[in-house]
Number of protein chains: 2
Amino acid sequence: MKTGEALTIGQLAKAGGVRVQTVRYYERRRLLLPTSRLPSGYRLYGDEALKRLRFIKNAQALGFTLREIEGLLNLRVQSVNHCREVQTKASAKLATVEAKIRDLEALARALRTLIRSCRAGRPTDHCPILASLESSVLESGVEKCNGKKPNGGRGGKAGAKESTRRHKDRVART
Amino acid sequence: MKTGEALTIGQLAKAGGVRVQTVRYYERRRLLLPTSRLPSGYRLYGDEALKRLRFIKNAQALGFTLREIEGLLNLRVQSVNHCREVQTKASAKLATVEAKIRDLEALARALRTLIRSCRAGRPTDHCPILASLESSVLESGVEKCNGKKPNGGRGGKAGAKESTRRHKDRVART
DNA sequence: CTTGACCCTGTACCTTGGTAGAGGGTGTAC
DNA sequence: GTACACCCTCTACCAAGGTACAGGGTCAAG
């Protein structure tokens, strides 16, 4: 199966460290389209596809969802027209990325302290790294506020018992 | 419902920004146990529980799974006995945290470049940030190698067609 | 012209991390 | 003593991200 410079789906998957089905799954999600197809229907991929695949995998490991990754991959300056929009999105992404870096640095410091304690034979707190991520800059919801809360499919029947939070908080704490 | 210094599950959930059911889910996963219970069965939580809850949420946003978070929370120097083990685990965690930081910094740089291009009215590449996470230090699989591949439940019937990768890679690439 | 290792579509299933509801008990204020 | 806003357990369901066949076609090598 000579494909010249192009990769078949199997070769791409292997190079990217994922399954063939995963590549097809990404195609369904419109994240990674084949460059072309053979008359037989076989998918062919160029070099860029491998970069995209690796980007996706790495971004996932950094806590981005596929939806967010799609947004990242579509960030580019096409024309001056919607430049403003791209800039806004990119700035927002940058802010969450920087917040993640700060949190990870706090965690890294805590781990280093723990390792030092270890080396010194000094017993630690119940859970020494707990405080490192205690109150993050992330607020872990920056991205999700684009309307459309999930709710599932079974349709809200009204009168939900738990889950609604219209309550009074009248506990004493004497 | 006077509980002194303790929090009920509803108060804890609200303070942590999650649902009551999520707290109970974490309890099932042994990530967050109640400090005590009232005779009625009501769960009560101390201050530490809130810290744990926040830690869990933040660590998730940083790309850690609940299983990994459990590992992080259990890292502590209890006795000199298994100190070696803790140190090994902590070092491994530190390495993945540092790799994540490096990747995020590359992504941040790419985003800043993109924003500058935007500001300059200069059109960009097809996807300017692609290269930032091209070949990460992460290898996004450091954690998963603790035996037991999933496989599901339906049991491998043998002779799987796709999914096994015993193949020859004989494409020409002339 | 067959064999073996690919590839295709389609559909069903899996794991992770939650959510929701049924059915019923608890706690305090009026 | 009865509202009302909690709380309990148990079970079913959901969305995201994959995984796994089934059933069938394709492509080089021998």
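Hydrogens, waters and symmetry mates play no part in the numbers below; they use all other heavy atoms, side chains included. Every chain is numbered from 1 and lettered A, B, ... according to where its sequence line falls, protein lines coming before strand lines.
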Query raised in the report: So, A/S117 side chain and A/T113 main chain: donor-acceptor pair closer than 3.5 Å or not?
Result: yes
**Report entry** Proximity to the side chain of A/T8 - top-ranked nucleotide from C/dC7, D/dA16, D/dC8
**Finding:** C/dC7
Query raised in the report: Is the phosphate of C/dT9, meaning OP1 or OP2, less than 4.0 Å from a side-chain N or O of A/R37?
Result: yes
Query raised in the report: What closest approach, in Å, do A/L50 and A/A15 show between heavy atoms, and which atom pair accounts for it?
Result: CD1-CB, 3.7 Å
Query raised in the report: For the base of D/dG25, is there a side-chain donor-acceptor partner from A/Y42 under 3.5 Å away?
Result: yes
Requested in this report: Check the distance between C/dT26's P and B/L38's CG and give it to me in whole angstrom.
Outcome: 11 Å
Report summary line: To the nearest angstrom, the CZ-P distance between B/R67 and C/dG18 comes to 14 Å
Query raised in the report: B/R29 has a side chain; which of C/dT16, D/dC8, D/dG18 sits nearest to it?
Result: C/dT16
Requested in this report: For the side chain of A/Y25, starting at C-beta, report the closest nucleotide among C/dC8, D/dG18, D/dT26.
Outcome: D/dG18
**Report entry** Minimum-distance pair of heavy atoms, taken over all atoms of A/L130 and B/F55
**Finding:** O-CD1, 3.5 Å
Report summary line: In whole angstroms, the gap separating P of D/dA16 from CG of B/L66 amounts to 18 Å
Report summary line: Whole-Å distance, B/E68 CD to C/dG17 C1', equals 14 Å
Report task. Select one nucleotide: of C/dT19, D/dT19, C/dC8, the one nearest the side-chain heavy atoms of A/R19. Result -> D/dT19
Report task. Please determine, for the side chain of A/Q21, which listed nucleotide (C/dG17, D/dA20, C/dC7) has the closest atom? Result -> D/dA20
Query raised in the report: Between B/Q60 and B/P39, which has a closest nucleotide on DNA chain C that is more 5'?
Result: B/Q60
Query raised in the report: Does C/dT11 have OP1 or OP2 sitting under 4.0 Å from an N or O in the side chain of A/R28?
Result: no
Requested in this report: Decide whether a cation-pi geometry holds between A/K93 and A/F64; the criteria are a distance under 6.0 Å from NZ or CZ to the six-membered ring centre and an angle within 45° of the ring axis.
Outcome: no
Query raised in the report: Does A/R43 have a side-chain nitrogen or oxygen under 4.0 Å from the phosphate oxygens OP1 or OP2 of C/dC8?
Result: yes
Report task. Report yes if at least one side-chain N or O of B/R24 is closer than 4.0 Å to OP1 or OP2 of D/dT9; otherwise report no. Result -> no
**Report entry** Nucleotide nearest A/T22 when distance is taken to its side chain, options D/dC27, D/dG18, C/dG17
**Finding:** D/dG18
Query raised in the report: Can you tell me if the side-chain N/O atoms of B/S40 get under 4.0 Å from OP1 or OP2 in D/dC8?
Result: no
Query raised in the report: Is the closest basic N to carboxylate O distance between B/E68 and B/K100 below 4.0 Å?
Result: no
